[in-house]
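Here the structure is laid out as C-alpha cells; the discussion comes afterwards.
A note on names: the letters A, B, ... follow the listed sequences, proteins ahead of strands, and every chain is numbered from 1. Hydrogens, waters and symmetry mates play no part in the numbers below; they use all other heavy atoms, side chains included.
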Amino acid sequence: MAQVSFDGISKVYPDGTTAVRSLSFDVDDGEFMVLVGPSGCGKTTALRMVAGLEEISSGTLRIGERVVNDMPSRDRDIAMVFQSYALYPHLSVYENIAFGLRLKKVPKDEIDRRVQEAARVLDLAPFLDRKPRALSGGQRQRVAMGRAIVRQPQAFLMDEPLSNLDAKLRVQMRAEIARLQQDLGVTTIYVTHDQVEAMTMGDRVAVMRKGALQQVASPQELYDRPVNLFVGGFIGSPSMNMLDGTIERSNGAVVARMGSQSLTLDPGLLDDRPDLAAFEGRPVVVGIRPEDLEDAAAASDVPEGRTLDGTVELREALGSEIMVHLAVDAPAATTAEVAELAEDAGVPVPAGGGPDRSATVVGRFSPRSRVKPGDATQVVVDTRTLHFFDPETGLGIY
Amino acid sequence: MDTVLRAARRAPLNLFLLVVAAMWLVPTFGLFLTSLMPKGDIAQEGWWNVVSKPSSMTFDNYRALFNNNDLTKALVTTAEIAVGNTVLLVLIAALAGYAFAWLEFPGRDVLFVVVIGLLVVPLQVALIPIFSLYNSTHLFDTVLGLILFHVAFGLPFGIFLLRNFFIGIPKDIMESARIDGASELTIFFRLILPLGLPAIASLAIFQFLWTWNDLIVALTFGRDTQPITVAIFSQLRQFGSNIELIAPASFVSLAIPLAVFLAFQRYFVQGLLAGSVK
C-alpha cells in the first residue's frame, strides 16, 4: 500500500489535444479517491497514466517513494479493474484470478489459498471452474475485482467498474466495493462520471473539468462549499439551480435580487461568507439547492423575504419526495460552466438569456405538497445555505 | 401443414445442393471404388460395377502402394513439406500479425500496406529467379527449399488474415495482462495464440491443403525430392495404364488433408471471445 502523488501531471496527444493539464494532488495511503467529471474531462486518461497505459507528457507521478513516469505497467505493482472487465475469455474464473500470481511465480499453494480466499469474499466459490461467458454481468464484475485483490497491490485503479451493470446491481456493488476497500485498506483511485457514486464511495472526491482539476475535498465539503460554479452544479442531484442576481442592501438587510424575486439573506450566511460584502451592488450567480426549497403550503412557517413565486410546470413524484419544476420570474444564469453542465446532463443548453427570461427552478418537496402543474405557488427558500458565485470568474464567494 | 410448405419451398435449393455435392462426391467415390478393384478388372469394367459384386473388392492395390518405396517416400516428403511449412508459416505470421495489430513502431502502417501488396504477386513469376537462387545456395532439391518457398508465398495472406483477426481482440484484455505483469511475449503466447485459434486454425488448414496439393513448385525445385503429387504425376507419364497404383495413391493423398481438416475444424468456434468484455 502506498501513497499516489500527482505533481503537475499533463497529457498532450501528438495532435496537440491536451487531455489532462497540470494535475497535482495526493492520494493518501489507504485512501479511496474518486475522480469525477463529465465525459471527456480527462479522468480516465489520468487513471491510465497511473496504470502506465498512457505516457505522461510532463510532471512527476509517484507511487509510494518511486517515480514511475517511465516504468512499464507490469513493474508498477498496481491492479486495475476495467469498465469492460477485460476478463481472459479462454481461462476459467480460477485461472483469471490466478493469472497475475502465476506470472509473479507465486508458489502454487499460496496462489490457491489467495484465489480461494478472494472467491469466498466475492461469493465466487461455486463458479471457479466456469468460463467468463457463463457468468452474469455482476459475477464478471466480481471476477475482475477478484483478479485485482489477489495481487495485493500498492494501489487499486478502477475505471467506471459499475457502469455496465443495471441500476439495482450497481447500488449493491457500490456498497460492496466500498466495504471491500475499507477491509483491505488499499489505496484506491476510482473513476466515474456518476456523482452519486463519487459522493457515496469516496473518502475524497476530485472533480475534473476539461482536463483540469477543480476541487479535491470530502464529499460533504464539495457539497457545502463548492469552489466554483462547475463543482456547485456538478455535485448534487438534481443539480443546483443557478440564477443571475445582484446583492443589494435594503432596510438594513442584505438582499439577493433576481428579476422580480428577492431573498433576504440570513445573517449567519453573511458571517460564513465575508467576501459577499464586497459584491454589494454587483451581479452574482445565486445557487439554490433543490433540497433547500419547500412548498410554502406544506411548510410550518413562511418568513417574509424568504420566498420565491412561480408556476408549477412539472411534478415528479418519487414516493419519498417530489421533484417540482417551477417557472420562476428570474433570469437563469448563462455562464459557460452552466452551459457545459446542461450539455453533460443532456438537457438543451439555455440560450443567451435576458433579464426577462424566466428560469426553471427544481425543488425537492416533501410528499405532503399537493402542487400540480399549472398552479401558481410560493416556495420557501432556506437562505442559510444559499451559494454565491462570481459570474466573471465562476468562483464561489466565501 | 407449415412444415410441408416450408419443405416444398426449400426443395429447389436442396436439389441444387444435392447436385453440387454429387458433382464433387461421385468422382471421389469412383476413385475410391477403383482403388479397391482387382488390377485386371479396372481396364475391363467401370468402377460402378464393383458395387454389384462387393466380393471382388480387394486391398491389394493399397498393399502394393505401401510396398512401393517411391510412393511411400513421396508421402513422407509431402508430409514433411506440408507440416513443416505450415508450422513455420503460422508461427511467423502470428508474430507479425501481433506486431502489426498491437505494437507501435515507426513505419508500421506503410509496411503493412506493402505486405498486403505482395498478395497480388503470383508465385509463378518467382519460379525462375528463385530457381537460380536455389541453385547457387544449394537449396535446390531439398525439403527445406520447398518449405521456405511455400512459407514466403504464404506469408502475405497469413499476416493479413491473422493481423485482421488479432486487431479484433479487445485492447483491454492486453492492457489488463500488462498490468497483471505480463511481458509482450507472455501476452502473445498466453492470450493472443489461444484467442486467435479460430483464425490460426483456418490459416493452418488453408496452407496445409495448398502445399499438400502443390505440383508446380515441387516440379520446379525438386528432382529427387518428390512429394506425392509429383510421384503420381511421374507414374502417369511412365506407365499409361498403372491406374491400380495411381488410384489408391490419389485416394490416400486426398484422405490425409481431409483428416487434417476434420481434426482442425472444431477450432472454428464462434464466440471464443464471449464473456471477456461486457
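- Residue B:Ser176 touches chain A through both its backbone and its side chain, counting heavy-atom pairs closer than 4.5 Å.
- The local environment of CZ in B:Phe112 is crowded, with over 12 non-hydrogen atoms from other residues, nucleotides or ligands closer than 6.0 Å.
- A 6.0 Å sphere centred on CG of B:Asn14 holds more than 12 heavy atoms belonging to other residues, nucleotides or ligands.
- Only the side chain of A:Arg151 comes within less than 4.5 Å of a heavy atom of chain B; its backbone N, CA, C and O stay farther away.
- Dense packing is recorded around CZ of B:Phe105, with more than 12 heavy atoms of other residues, nucleotides or ligands lying under 6.0 Å away.
- Within a 6.0 Å sphere centred on CD of A:Glu117, heavy atoms belonging to other residues, nucleotides or ligands number more than 12.
- Residues A:Leu53 and B:Ile179 have side chains in contact (heavy-atom distance under 4.5 Å, counting atoms from C-beta outward).
- For A:Ala51, the parts lying near chain B are the backbone and the side chain together; criterion is any non-hydrogen pair under 4.5 Å.
- Distance check, rounded to the nearest 0.5 Å: OG1 of B:Thr186 to CZ of A:Arg74 gives 8.0 Å.
- The neighbour count for A:Glu65 CD, taken as heavy atoms of other residues, nucleotides or ligands under 6.0 Å away, does not exceed 12.
- Interatomic distance, B:Asp180 CG to A:Leu101 CG, rounded to the nearest 0.5 Å: 8.5 Å.
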Exercise for review: Would you please test A:Tyr85 and B:Ile173 for side-chain contact (heavy atoms from CB on, under 4.5 Å) and show each step?
Suggested key: CA-CA 8 Å; A:Tyr85 315 145; B:Ile173 295 182; over 6 Å; no

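- Considering CZ of A:Phe99 and CZ of B:Arg190, their distance stands at 5.0 Å, rounded to 0.5 Å.
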Exercise for review: Please report the C-alpha distance between B:Glu175 and A:Met80 in whole Å, then the side-chain angles of each, then the deciding distance to 0.1 Å, and finally whether the side-chain contact (heavy atoms from CB on, under 4.5 Å) criterion is met.
Suggested key: CA-CA 9 Å; B:Glu175 294 187 334; A:Met80 181 155 167; over 6 Å; no

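- Remark: A:Arg66 CZ is packed, more than 12 non-hydrogen atoms of other residues, nucleotides or ligands lying under 6.0 Å away.
- For A:Leu103, the part lying near chain B is the side chain, with the backbone staying farther off; criterion is any non-hydrogen pair under 4.5 Å.
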